[in-house]
*Asks:* 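Have a look at this one.
Any value given below was found using the heavy atoms of this structure, including those in side chains, with hydrogens, waters and symmetry copies removed.
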Amino acid sequence: MIHKSRTKAVLFMMLLVFVGMVTGFFLGAILASAIAKKKENPAFWRETVHKQLGKLHPTPEQRKKLEARTDSAVEELATIKADTIKKVWDVVDRAVGDLDKELTPEQRKTFETFKPKRPAELK
């Protein structure tokens, strides 16, 4: 009798550990995705740089100059990022077009189901 209850307790503890691991995995994946999305925002870049510059304890005059320079750098980086993404999709679109020319009609139908599609904001 004691053996059965001990086995049940061990199995229950193993179940709890498994549920905890699965829950932790999915919560971690969701959190990592949210953090990655936040880091893509130029406003986040600006805030982060301003926080780091605050550690230098700049004078109000220095702060204005430093923030103006970092703000222009962030804008430049955002422009470079947008241009790079557009160029990447131009290459992908050309490659897809070249591949499409080589396919048979049956292959084109299948290819349509999985070929990469340009995001709406880049059209």
*Asks:* Regarding Thr104 and Gln107, is there a side-chain donor-to-acceptor distance under 3.5 Å anywhere?
*Replies:*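 Yes, Gln107 and Thr104 have a side-chain donor paired with an acceptor closer than 3.5 Å.
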*Asks:* Could you note down all residue pairs passing ring pair (Phe, Tyr, Trp, His ring centres under 6.0 Å) where residues 95-122 supplies at least one of them, sequence neighbours left out?
*Replies:*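 Checked against ring pair (Phe, Tyr, Trp, His ring centres under 6.0 Å) - neighbours excluded - the pairs reaching residues 95-122 are Phe111-Phe114.
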*Asks:* Tell me every residue that passes side chain to side chain contact (heavy atoms under 4.5 Å, CB included) with Val19, counting only those two or more places apart in sequence or in another chain.
*Replies:*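 Once residues adjacent in sequence are excluded, the partners of Val19 under the side chain to side chain contact (heavy atoms under 4.5 Å, CB included) criterion are Leu15, Thr23.
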*Asks:* Rounded to the nearest 0.5 Å, how far apart are CD of Glu106 and CZ of Arg108?
*Replies:*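 It comes to 10.0 Å.
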*Asks:* With a sphere of 6.0 Å drawn around CZ of Arg69, does it hold more than 12 non-hydrogen atoms of other residues, nucleotides or ligands?
*Replies:*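 Result for CZ/Arg69: open.
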*Asks:* In Å and rounded to the nearest 0.5 Å, what is the CZ to NZ distance from Arg6 to Lys4?
*Replies:*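 So the gap between those two atoms works out to 14.5 Å.
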*Asks:* Please name all residues satisfying side chain to side chain contact (heavy atoms under 4.5 Å, CB included) with Thr59, sequence neighbours left out, ordered by chain then number.
*Replies:*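 Here the qualifying residues are Glu61, Gln62.
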*Asks:* Within the distance-only criterion (no hydrogens, no angle test), does the side chain of Ser33 pair as donor or acceptor with the backbone N or O of Ala29 below 3.5 angstrom?
*Replies:*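 Answer holds: no.
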*Asks:* With rounding to the nearest 0.5 angstrom, report the NZ to CD1 distance, Lys81 to Ile85.
*Replies:*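 The distance works out to 5.0 Å.
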*Asks:* One thing to verify: whether Glu67 and Lys64 come together as a salt bridge, which I'm taking to mean a side-chain N less than 4.0 angstrom from a carboxylate O.
*Replies:*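 The answer is no: the pair does not qualify as a salt bridge.
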*Asks:* Using the rule that Ile, Leu, Val, Met, Phe, Trp and Tyr join whenever any side-chain heavy atoms are under 4.5 Å apart, tell me whether Val22 and Phe25 fall into a single cluster.
*Replies:*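 In one cluster with Val22: Phe25, yes.
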*Asks:* Would you give me the side-chain donor-acceptor pairs under 3.5 Å for residues 42-49, sequence neighbours excluded?
*Replies:*
{"from": "Trp45", "atom 1": "NE1", "to": "Lys39", "atom 2": "O", "distance (Å)": "2.6"}
{"from": "Arg46", "atom 1": "NE", "to": "Asp71", "atom 2": "OD1", "distance (Å)": "3.1"}
{"from": "Arg46", "atom 1": "NH2", "to": "Glu75", "atom 2": "OE2", "distance (Å)": "2.6"}
{"from": "Thr48", "atom 1": "OG1", "to": "Phe44", "atom 2": "O", "distance (Å)": "2.8"}

*Asks:* Just wondering, more than 12 heavy atoms not from Lys65 lying within 6.0 Å of its NZ?
*Replies:*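 No, the 6.0 Å shell around NZ holds no more than 12 heavy atoms from other groups.
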*Asks:* Return a table of donor-acceptor pairs under 3.5 angstrom between the side chains of residues 89-100 and protein atoms on other chains or two or more places apart.
*Replies:*
{"from": "Asp90", "atom 1": "OD1", "to": "Arg118", "atom 2": "NH2", "distance (Å)": "2.7"}
{"from": "Asp90", "atom 1": "OD2", "to": "Lys86", "atom 2": "NZ", "distance (Å)": "3.4"}
{"from": "Asp93", "atom 1": "OD2", "to": "Arg118", "atom 2": "NE", "distance (Å)": "2.7"}
{"from": "Asp93", "atom 1": "OD2", "to": "Arg118", "atom 2": "NH2", "distance (Å)": "2.6"}

*Asks:* List the residues meeting side-chain hydrogen bond (donor to acceptor under 3.5 Å, both in side chains) with Arg63, not counting sequence neighbours, and say none if there are none.
*Replies:*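 Counting only residues at least two positions away or on another chain, Arg63 forms no side-chain hydrogen bond (donor to acceptor under 3.5 Å, both in side chains).
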*Asks:* Less than 4.5 Å apart, any side-chain heavy atom of Leu53 and any of Leu56?
*Replies:*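 Leu53 reaches Leu56 side chain to side chain.
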